[in-house]
Amino acid sequence: MANLLSDNEIGNITGAFGDVFDTFKKDIVVYKEPKKVVSDLSLGFLYGYGVPSQNTNYVYTPVSGVYPALVSRKRSTKTDVDIENINYPQNKIMVKVESPARNFINNGKTERISIDDKSYNIADGDIQVNFLSKIYYVYELVDSK
């Protein structure tokens, strides 16, 4: 079966679409669950005999990553819509990311995503969006309160 577009045309179109992504992208910060790292392991004491039994021998190391994303906001003057006892917020924030950001978000627990110094939580999993040979992933975010 013949394609409507040649491979060269597909490359040009997806390249232009990639240029749009690069032009309007914004950096988002993805915060993961911090890692607990043992800093000082001291087993030479006995609990309850003059030495504190709750020695802090670990530290939490923050884990985060900065990734480019297209951020779109849909705002409405109405309040939340209630359809069949399910509350749908009118102010939606969608982020479209490439596969490195998706891999970082989906591997492990993502605590929050920061955009312009404001924190959001992921509402649901990602949705794959295909544009010819280019693949993006879209996440819906909600305010973290």
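Note that the numbering runs from 1 along the sequence shown for the chain. Computed over heavy atoms, backbone and side chain alike; hydrogens, waters and symmetry mates excluded. For clarity, every value in this text was computed on a predicted model and none was experimentally measured.
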Looking at NZ of Lys32 and CG of Asn107, how far apart are the two atoms once the value is rounded to the nearest 0.5 Å? 6.5 Å
Enclosure of Asp19 CG (heavy-atom neighbours >12, cutoff 6.0 Å): yes
Let me see the working for Tyr136 and Glu98 under side chain to side chain contact (heavy atoms under 4.5 Å, CB included), right down to the final yes or no. CA-CA 5 Å; Tyr136 291 101; Glu98 296 176 309; 3.6 Å; yes
May I ask you to check whether Tyr67 and Asn103 show a side-chain donor-acceptor distance below 3.5 Å? no
Exceeds 12 heavy-atom contacts within 6.0 angstrom, atom CZ of Phe24: no
To the nearest 0.5 Å, what is the distance between CD1 on Ile127 and OH on Tyr139? 10.5 Å
Which is it for Lys26 and Val95 under the side chain to side chain contact (heavy atoms under 4.5 Å, CB included) test, yes or no, and what are the steps along the way? CA-CA 10 Å; Lys26 181 181 282 196; Val95 292; over 6 Å; no
Does Ile10 belong to the same Ile/Leu/Val/Met/Phe/Trp/Tyr cluster as Phe131, with side-chain heavy atoms less than 4.5 Å apart forming each link? yes
Interatomic distance, Asn12 atom CG to Asp7 atom CG [nearest 0.5 angstrom]: 11.0 Å
Which heavy atom in Pro34 sits nearest to a heavy atom in Pro62, and how many Å separate them? CB-CA, 4.3 Å
Nearest-0.5 Å distance, OG of residue Ser119 to CG of residue Leu141: 10.5 Å
Residues Lys96 and Phe21: closest non-hydrogen pair is O-CE1, 3.5 Å
Consider only side-chain heavy atoms of I, L, V, M, F, W and Y, link residues closer than 4.5 Å, and tell whether Ile93 and Val138 are in one cluster. no
Counting heavy atoms not belonging to Asp22, are there more than 12 under 6.0 Å from its CG? yes
Minimum heavy-atom separation for Lys25 to Leu70, with atom names? N-CD2, 3.8 Å
At what distance, to the nearest 0.5 angstrom, does CD1 of Ile105 lie from CD1 of Ile122? 5.0 Å
Applying a strict under-4.5 Å side-chain criterion to I, L, V, M, F, W and Y, I'd like to know whether Tyr31 and Val71 cluster together. no
Under 4.5 Å between any side-chain heavy atoms of Lys134 and Ile13, yes or no? no
Euclidean distance, Tyr120 OH relative to Ile28 CD1, rounded to 0.5 Å: 11.5 Å
If hydrophobic clusters are built from ILVMFWY residues whose side chains come within less than 4.5 Å, do Val30 and Ile115 share one? yes
On a heavy-atom basis, which atom in Val97 and which in Ala69 lie closest, and how many Å separate them? CG1-CB, 3.6 Å
